[in-house]
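I have placed the structure first, in the form of structure tokens, so that the comments after it can refer back to it.
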Amino acid sequence: MHHPYFFSNKYIHLSLLILKLFGATVFKFDPPSEINIHPHSVYLFPSLWSFLRCDLRWAKRVANTSQGGGEGFEFALNKWKPYYFACGESNGFHCQSGMKFFVMPTFRWY
């Protein structure tokens with residue numbers, strides 16, 4: 001099951017659906033181009049604290065600026081824990097401007 005998340009230059013479009021453990025999240029965003037001068041990337045933060053502070057020093061880039069085009073970038077949610085994501089472009093300015101969110105997979109009992 002895929003759950004799309006879209007980055008745009010003005011805000012994040014979220015399509016929040018119930019996520020299941022061992023599911024996947026798909027990120028879609030416009031790759032760099034002449035008309036898209038503010039590209040996006042996806043970083044995974046190791047903790048709530050680094051996420052809240054937009055501290056990219058310990059974050060791991062999971063998708064670069066060109067991976068969100070087309071079918072997007074798939075990220076597997078393989079543990080029952082919160083996943084903290086943000087755009088890491090412009091030295092964290094996009095994150096500090098609110099381009100961040102978290103996902104918490106839920107169990108399905110069937």
Side-chain angles (χ1 to χ4, degrees):
M1 178 181 265
H2 300 282
H3 305 283
Y5 293 88
F6 304 94
F7 282 128
S8 78
N9 285 337
K10 295 186 180 181
Y11 48 89
I12 298 176
H13 302 279
L14 295 179
S15 176
L16 292 176
L17 303 172
I18 295 175
L19 302 174
K20 69 176 186 175
L21 190 59
F22 305 113
T25 298
V26 176
F27 295 91
K28 292 187 177 188
F29 44 91
D30 294 330
S33 68
E34 289 181 17
I35 57 172
N36 180 19
I37 58 173
H38 300 289
H40 303 291
S41 58
V42 179
Y43 280 75
L44 175 64
F45 290 84
S47 67
L48 175 61
W49 182 249
S50 62
F51 170 75
L52 292 174
R53 296 183 44 168
C54 293
D55 186 352
L56 293 167
R57 291 177 296 172
W58 307 110
K60 177 183 177 186
R61 185 173 67 184
V62 294
N64 65 32
T65 57
S66 63
Q67 288 178 284
E71 293 296 312
F73 169 76
E74 182 177 307
F75 184 86
L77 303 172
N78 55 14
K79 293 183 181 176
W80 187 47
K81 67 172 196 153
Y83 291 84
Y84 304 103
F85 298 102
C87 178
E89 295 306 299
S90 300
N91 294 321
F93 178 75
H94 288 182
C95 178
Q96 294 165 0
S97 298
M99 291 191 87
K100 59 184 180 177
F101 64 96
F102 73 94
V103 176
M104 180 64 186
T106 58
F107 280 112
R108 284 215 169 152
W109 300 103
Y110 56 92

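With sequence neighbours left out, the side-chain contact (heavy atoms from CB on, under 4.5 Å) criterion links S47 to W49, S50. S66 is linked by a side-chain contact (heavy atoms from CB on, under 4.5 Å) to N64, counting only residues two or more places apart in sequence or in another chain. The side-chain contact (heavy atoms from CB on, under 4.5 Å) search around A59 returns Y43, F45, L56, not counting sequence neighbours.
Of the two cysteines examined, C95 and C54, the SG atoms meet the criterion of being under 2.5 Å apart.
Closest approach of G88 and S41 over heavy atoms only: N-OG, 3.4 Å. Closest non-hydrogen pair, P105 versus Y83, comes out as CG-CE1, 3.9 Å.
Formation of a donor-acceptor pair under 3.5 Å by the K81 side chain with backbone atoms of M104 is not found in this model.
Taking CE of M99 as the reference point, atom CD of E89 lies at 10.0 Å (rounded to 0.5 Å). In this structure, the separation between SG on C87 and CD on Q96 is 11.5 Å, given to the nearest 0.5 Å. With values rounded to the nearest 0.5 angstrom, H40 atom NE2 is found 15.0 Å from Q67 atom CD. Interatomic distance, F102 CZ to L44 CG, rounded to the nearest 0.5 Å: 14.0 Å.
Annotation: Y84 is not in aromatic contact with F101 [ring centroid separation under 6.0 Å not met].
Residues F75 and V42 are not in side-chain contact: their nearest non-hydrogen atoms beyond the backbone lie 4.5 Å or more apart.
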